[in-house]
2 protein chains.
Amino acid sequence: MTVSSTKHDVFQAIADPTRRELLSLLAEKEMSVTIISDHFPITRTAVSKHLRVLSEAGLVTEQKVGRETRYKLQPEGLRELKQWLAYYERFWDKKLTALKNFVEIKDIEHN
Amino acid sequence: MTVSSTKHDVFQAIADPTRRELLSLLAEKEMSVTIISDHFPITRTAVSKHLRVLSEAGLVTEQKVGRETRYKLQPEGLRELKQWLAYYERFWDKKLTALKNFVEIKDIEHN
DNA sequence: ATTATATGACACCTTTTGGTTTCGTGTCAA
DNA sequence: TTGACACGAAACCAAAAGGTGTCATATAAT
């Protein structure tokens, strides 16, 4: 176990479009569940469930303030995804490099 | 519609751990369905379905060669993910920058 | 021509997911 | 103290996801 106990993994957490919208909303500022729910056509309960998934994946943090629960983005949770992606970037960079070389050679041929 | 007709989106495609394994396997080299299936504890049919999802998300390409279908990684399909992620990188970079400044100030204070 | 291989298409099953409604509890305001 | 509000928990539901087994078909090999 690295840092946050991730019952849900990041990949699964961001798979749902509503949850991605939640992330982008919470990127702007910390918000309570009810306020967050006002931005979505689904019930507060449903939003709450999504928030829990995001929380368990370490993508948001929750803080109780009086009777409300404030959520905010925890961008560090996306590190795992970045690392995963970095592995594959090599492959398309490789292709790009090949294309670049090809174009340059063509350019030389034209002179 | 951008480039490849993406019935399944990338986010959903990479949510499944088996599909992520498929990607890493196909990153090494092009392979036929049966050969691919040998690397997994599930049936060929199941693997085939996963491959279709990946294909529809633009993450692999399929090519028929005689009676077999060869699949290979199409890393460009991950661009969308990279872009999405880039947006959030700003947020954790911001925090890193703040931390860096803090550490530097502390360092100055120590002199 | 006959047999073996590689694969997709179905039909089907079970679990997970995304959603709802209802209810209980803690907290704030009058 | 009596409402009103914010929320989580629970029970429930339909659809999607991840599997399986069987069958038909195209291609290769004998």
Side-chain angles (χ1 to χ4, degrees), chain A residues 4-26 29-74 77, chain B residues 5-26 29-74 77 81:
Chain A
S4 47
S5 61
T6 48
K7 184 187 166 193
H8 281 86
D9 67 297
V10 176
F11 296 95
Q12 199 253 1
I14 65 167
D16 185 87
T18 301
R19 284 196 290 268
R20 290 199 299 277
E21 274 193 65
L22 279 167
L23 289 181
S24 82
L25 184 63
L26 295 174
K29 60 170 188 285
E30 178 171 313
M31 293 168 73
S32 73
V33 177
T34 305
I35 303 295
I36 296 170
S37 299
D38 289 343
H39 294 74
F40 295 86
I42 58 179
T43 57
R44 178 184 51 80
T45 308
V47 169
S48 205
K49 282 190 194 177
H50 281 307
L51 288 169
R52 181 125 52 100
V53 173
L54 290 173
S55 176
E56 284 169 349
L59 296 177
V60 299
T61 55
E62 38 185 315
Q63 188 199 358
K64 301 218 79 169
V65 178
R67 59 182 157 178
E68 55 187 39
T69 309
R70 308 262 183 81
Y71 283 88
K72 72 173 173 188
L73 179 69
Q74 187 157 51
Chain B
S5 61
T6 49
K7 184 188 166 193
H8 282 86
D9 66 298
V10 177
F11 296 95
Q12 198 251 3
I14 65 168
D16 185 87
T18 301
R19 285 197 289 267
R20 290 199 299 276
E21 275 193 64
L22 279 167
L23 289 181
S24 82
L25 184 64
L26 295 174
K29 61 169 187 286
E30 177 172 313
M31 294 168 72
S32 73
V33 178
T34 305
I35 303 295
I36 295 170
S37 299
D38 290 344
H39 294 74
F40 295 86
I42 58 179
T43 57
R44 179 184 51 78
T45 307
V47 169
S48 205
K49 282 190 193 174
H50 281 307
L51 288 169
R52 181 126 52 100
V53 172
L54 289 173
S55 175
E56 282 169 350
L59 295 177
V60 299
T61 54
E62 38 186 316
Q63 188 198 359
K64 301 218 79 171
V65 178
R67 59 182 158 180
E68 55 187 38
T69 308
R70 307 260 182 81
Y71 284 88
K72 72 173 172 188
L73 179 70
Q74 187 158 49
L81 181 64

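We name chains A, B, ... by the order of the sequence lines, and we start the count at 1 in each one.
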Check your understanding: Within the distance-only criterion (no hydrogens, no angle test), does the side chain of A:Ser55 pair as donor or acceptor with the backbone N or O of A:Leu51 below 3.5 angstrom?
Key -> no
Review point. Within the side chain of B:Arg19, is there an N or O that forms a donor-acceptor pair under 3.5 Å with the backbone of B:Gln12?
Key: yes
Rounded interatomic separation in angstrom, taking [atom1] from [X] and [atom2] from [N]:
X: B:Ile35; N: C:dT7; atom1: CD1; atom2: C1'; value: 13 Å
X: B:Gln63; N: D:dT27; atom1: CD; atom2: P; value: 15 Å
X: A:Arg52; N: D:dG8; atom1: CZ; atom2: P; value: 8 Å
X: B:Lys64; N: D:dA26; atom1: NZ; atom2: P; value: 10 Å
X: A:Met31; N: D:dC7; atom1: CE; atom2: P; value: 11 Å
X: A:Asp9; N: C:dT17; atom1: CG; atom2: P; value: 10 Å

Point to revise | C:dA6 OP1/OP2 closer than 4.0 Å to side-chain N/O of B:Ser32 | key: no
Revision key, fill the gap. Reading nucleotides 18-30 of chain C from 5' to 3' and marking B where a protein heavy atom lies under 4.0 Å of the base, S where only the sugar-phosphate is that close, and - otherwise, the string is SBBB-----BS--
Review point. Which pairs with one or both residues in residues 30-42 of chain B pass salt bridge (Lys or Arg N to Asp or Glu O under 4.0 Å), sequence neighbours excluded?
Key: B:Glu30-B:Arg70
**Study point:** Sugar-phosphate, base or nothing in reach of A:Arg70, heavy atoms under 4.0 Å
**Key:** nothing
Point to revise | Nearest heavy-atom neighbours spanning B:Ala13 and B:Leu59 | key: CB-CD1, 4.0 Å
**Study point:** Shortest non-hydrogen contact between A:Ala57 and A:Val10, atoms and distance
**Key:** O-CG2, 3.7 Å
Study note, to complete from the structure: When B:Glu68, B:His39, B:Lys72 are each screened for side chain to side chain contact (heavy atoms under 4.5 Å, CB included) with B:Met31, the one that passes is B:His39
